2 protein chains.
Amino acid sequence: MYPHEQTENGKDLKARVEAFKALCRSRALRVTEQRLEIFRTLAQSKSHPSAEAVFAAVRKKLPNISLDTVYRTLASMEEAGVVFRVGLSTKARFDADLTPHYHFVCMNCGEVYDIFPAPDSPALLVPQDIKQFGEVKNVNLQFRGICHRCRAAAGEKK
Amino acid sequence: MYPHEQTENGKDLKARVEAFKALCRSRALRVTEQRLEIFRTLAQSKSHPSAEAVFAAVRKKLPNISLDTVYRTLASMEEAGVVFRVGLSTKARFDADLTPHYHFVCMNCGEVYDIFPAPDSPALLVPQDIKQFGEVKNVNLQFRGICHRCRAAAGEKK
DNA sequence: AACCTTGTTAAGAATAATTCTTATATTGGA
DNA sequence: TCCAATATAAGAATTATTCTTAACAAGGTT
């Protein structure tokens with residue numbers, strides 16, 4: 001099964017916004033104009049905008065919105081699984097092991113774990129249809145989630 | 001074929017350093033103590049260190065090295081294909097399309113291109129062996145390289 | 001409909017990560 | 001050894017992101 005299933009993207013914007021509102025309510029997140037406008041902007045965009053770009057777009061509708069609100073909202077939307085963050089948010093990390101492998105990255109503590117696929121695994125092969133965009137220099141496959149240690153730590157707090 | 005083949009990691013440190021020196025010479029990069037020490041540090045590390053962490057480690061050998069040198073060197077090593085950068089270096093970007101897909105990211109201009117795999121593609125499946133690390137929330141598969149536009153622009157300059 | 005409670009926001013300061021500037025030092029070829 | 005070009009240290013500057021605080025507003029309660 002895919003980790004984030006296609007359920008909303010086929011609907012029209014109005015329906016997606018309604019679904020977003022419902023999701024907010026189910027999570028006790030207040031339905032604010034700012035959240036709605038940020039969601040609308042992102043749902044209509046095809047350019048993987050940065051927080052700054054979302055800010056610029058939303059500002060046309062809500063001139064007083066702050067950049068911080070955009071950051072906060074995008075983070076909560078990611079948390080809620082409504083948007084996907086391309087790449088890593090934390091600081092850059094480096095690896096001198098060039099053996100083909102991938103990573104599990106903890107979204108909470110930032111820890112990076114190595115995973116070496118079986119030799120016959122197709123996971124890291126470069127698909128042919130990428131050549132239309134440019135020359136591939138490397139592959140970055142990461143699975144992001146919460147590591148066992150953070151999960152356990154979160155449980156203790158309650 | 002894998003994009004970054006396993007050629008050096010099986011060798012011992014001394015051999016890897018020699019190979020690194022040879023690579024530097026072949027690219028007209030000077031072989032400096034700083035570069036060597038940064039390479040040694042990274043080659044021996046298994047923790048995907050950040051630039052700051054590399055800096056701290058290298059400092060023990062070269063107390064006067066600057067953080068900027070570490071950043072510059074890591075960038076040139078990435079460029080040379082000696083190290084791999086985990087995640088993206090640029091600012092965060094967001095995507096509200098949750099249909100399973102992956103990205104081609106231009107290492108030069110930062111542009112992000114969508115690639116939708118064939119419905120039966122195994123590319124974005126979560127392997128079972130990841131569960132040992134934690135709970136996966138999402139998958140980030142990106143191919144990084146130079147897009148055709150940047151390639152063309154670089155060609156014109158010459 | 002007015003009233004709370006609590007989450008949310010704007011504004012701008014603060015922080016963190018990375019890059020730039022400049023003068024000095026070093027590499028590697030002549 | 002000398003020279004030209006590249007690399008470096010130091011610290012300032014920039015960029016991205018987060019925090020602080022006081023005002024505000026959503027949505028449940030009366």
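Predicted model, so just to flag it, every value in this text is computed and none were measured. Letters A, B, ... are given to chains in the order of the sequence lines, protein chains preceding strands, and every chain is numbered from 1.
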(message) Applying a 4.0 Å non-hydrogen cut-off, can you work out what A:R35 is touching in the nucleic acid: base, sugar-phosphate, or nothing?
(response) sugar-phosphate

(message) Output the rounded distance in Å from CD1 (B:I65) to C1' (C:dA25).
(response) 14 Å

(request) Take atom CD of B:E37 and atom C1' of D:dA7, then tell me their distance rounded to the nearest Å. (result) 17 Å

(message) Could you tell me how far apart B:F55 (CZ) and D:dA10 (C1') are, to the nearest whole angstrom?
(response) 11 Å

(request) Return the minimal non-hydrogen interatomic distance between A:C106 and A:C150, and the atom names on each side. (result) SG-SG, 3.8 Å

(request) Find the distance between CG (B:L74) and CD (B:E79) and round it off to the nearest 0.5 Å. (result) 13.5 Å

(request) Measure the distance from CD on A:Q34 to C1' on C:dG7 and round it to the nearest whole Å. (result) 12 Å

(message) Could you measure the distance from the CG atom of A:D129 to the CD1 atom of B:I115? Nearest 0.5 Å is fine.
(response) 6.0 Å

(request) Using a cut-off of strictly less than 4.0 Å, decide whether B:T32 has a side-chain nitrogen or oxygen near OP1 or OP2 of D:dT8. (result) yes

(message) Rounded to whole Å, please give me the gap between CZ in A:R27 and C1' in C:dT8.
(response) 18 Å

(request) Find which nucleotide of DNA chain C each of B:L67 and A:N64 is nearest to by heavy atoms, and output the residue with the more 5' nucleotide. (result) A:N64

(request) Take B:L141 and A:Y102 through the test side chain to side chain contact (heavy atoms under 4.5 Å, CB included) and record every step on the way to the result. (result) CA-CA 10 Å; B:L141 172 56; A:Y102 42 94; over 6 Å; no

(request) Could you state the atom-to-atom distance from CZ of A:R25 to P of D:dG27 in whole Å? (result) 7 Å

(message) Nearest heavy atom decides the nucleotide; on that basis, is B:D68 or B:L29 closer to the 5' end of DNA chain C?
(response) B:D68

(request) Quick one: pull up CD1 in A:I146 and CZ in A:F104 and give me the separation to the nearest 0.5 Å. (result) 7.5 Å

(message) With a 3.5 Å cut-off and heavy atoms only, can you find an N or O donor on one side and an acceptor on the other between the side chain of B:R30 and the base of D:dT6?
(response) yes

(request) Indicate yes or no: at least one non-hydrogen side-chain atom of B:R144 is less than 4.5 angstrom from one of B:F84. (result) yes

(request) Write down the distance between CG (B:L74) and C1' (C:dA17), rounded to a whole number of angstrom. (result) 13 Å

(message) Wobble G-U and Watson-Crick pairs count when both distances are under 3.5 Å; given that, what is the 5' to 3' dot-bracket string of DNA chain C, with | for pairing to other strands?
(response) ||||||||||||||||||||||||||||||

(request) Look at the side chain of A:R72 against the base of C:dT9 and say whether a donor-acceptor pair falls under 3.5 Å; ignore hydrogens and angles. (result) no

(request) Take atom OH of B:Y71 and atom P of D:dA7, then tell me their distance rounded to the nearest Å. (result) 20 Å

(request) Using modelled atom types only, decide if a donor and an acceptor are shared between the side chain of B:R35 and the backbone of B:T73 within a distance under 3.5 Å. (result) no

